[in-house]
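Because the structure is a prediction, the values reported are computed rather than measured.
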Amino acid sequence: YLANESVYDNREFSPNLSIGFDYVKYKNMNLTSSLGYSNISGSFDGFLLDTQGIDSERFKTLAKVSYVHFNSGIDYNLPPNKTIFPYLSLKVFGSYLISKNHSFDVIENLTDINKFAFGIESGIGVKYIANKSLISLSGNIIQQFNKIAKWEDGQNANGNIDFNAYNLNL
């Protein structure tokens with residue numbers, strides 16, 4: 001029995017892959033975009049109750065969704081030195097669900113699983129240029145505006161899965 005509980009809120013490490021490019025440079029800013037593949041996962045430590053309401057069994061389950069995503073935004077370039085270029089970033093993103101694991105199959109009365117996700121991404125990073133190569137390291141906060149999934153069973157056992165994250169990118 002779940003009564004308006006936040007489930008799958010134990011964050012799990014999920015590798016992601018994206019390729020990005022910078023374009024349209026103007027003064028201290030440039031437009032930036034990327035296309036990629038993201039895994040989002042979280043675990044849930046739950047328990048089952050017997051007929052007397054006593055905790056009878058504990059379990060852990062993992063929910064995982066995979067998206068292709070596109071983001072675009074502005075990098076504001078801070079004063080550089082010779083080879084290191086710090087920047088602040090603000091982007092909007094859109095994602096399309098391409099797969100979900102079996103954890104979603106057991107949720108009774110799943111009323112909505114979003115095929116499309118959208119939100120904002122903000123962060124700070126540095127670009128290092130050496131021998132015509134560029135290496136970038138950034139940290140981002142991702143705020144998704146819509147829920148991944150939600151459900152209702154008519155007996156106050158409503159739930160949802162949302163997504164907010166911190167990323168470290170190389």
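A heavy-atom distance below 4.5 Å is not found between the side chains of Y37 and H69. Side-chain contact between F70 and S95 is absent, with no heavy-atom pair separated by less than 4.5 Å.
Residues F21 and I19 do not share a hydrophobic cluster, clusters being chains of Ile/Leu/Val/Met/Phe/Trp/Tyr side chains in contact below 4.5 Å. Placement of V92 and F145 within a single hydrophobic cluster is found when ILVMFWY residues are connected by side-chain heavy-atom separations under 4.5 Å, directly or transitively. Hydrophobic clustering of Ile, Leu, Val, Met, Phe, Trp and Tyr side chains at less than 4.5 Å, counting indirect connections, keeps F93 apart from L88.
Proximity of a side-chain donor or acceptor of N71 to a complementary backbone N or O of G73 within less than 3.5 Å is not detected. With hydrogens and angles disregarded, a donor-acceptor distance shorter than 3.5 Å links the side chain of N77 to the backbone of N28.
With rounding to the nearest 0.5 angstrom, the CG atom of L31 is 6.0 Å from the CD1 atom of I74. Here CD of E121 is found 7.0 Å from OG of S34. Values are rounded to the nearest 0.5 Å. Taking NZ of K91 as the reference point, atom CD1 of I120 lies at 12.5 Å (rounded to 0.5 Å). With values rounded to the nearest 0.5 angstrom, Y76 atom OH is found 14.0 Å from S89 atom OG. Put simply, OH on Y128 and OG on S133 are 10.0 Å apart, with the number rounded to the nearest 0.5 Å. Residue I124 holds its CD1 atom at 11.5 Å from CG of D75, rounded to the nearest 0.5 Å.
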Original post:
Is there a side chain to side chain donor-acceptor pair (under 3.5 Å) between Y23 and S33 once you walk through the steps?
Top reply: CA-CA 8 Å; Y23 54 98; S33 296; 2.8 Å; yes
**OP:** Step by step, work out the side chain to side chain donor-acceptor pair (under 3.5 Å) result for Y87 and S136.
**Re:** CA-CA 10 Å; Y87 64 94; S136 178; 3.2 Å; yes
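Taking both residues in full, the closest heavy atoms of N39 and S66 are given as OD1-OG, 2.7 Å, listed atom of the first, atom of the second, then distance. Taking all atoms of both residues into account, the shortest heavy-atom contact from N146 to A117 is OD1-CA, 3.5 Å. Residues I84 and N81 come closest through the heavy atom pair N-OD1, 2.8 Å.
The number of heavy atoms from other shown groups lying within 6.0 Å of OH (Y26) does not exceed 12.
In summary, the aromatic rings of F118 and F116 are positioned with their centroids too far apart to meet the 6.0 Å limit.
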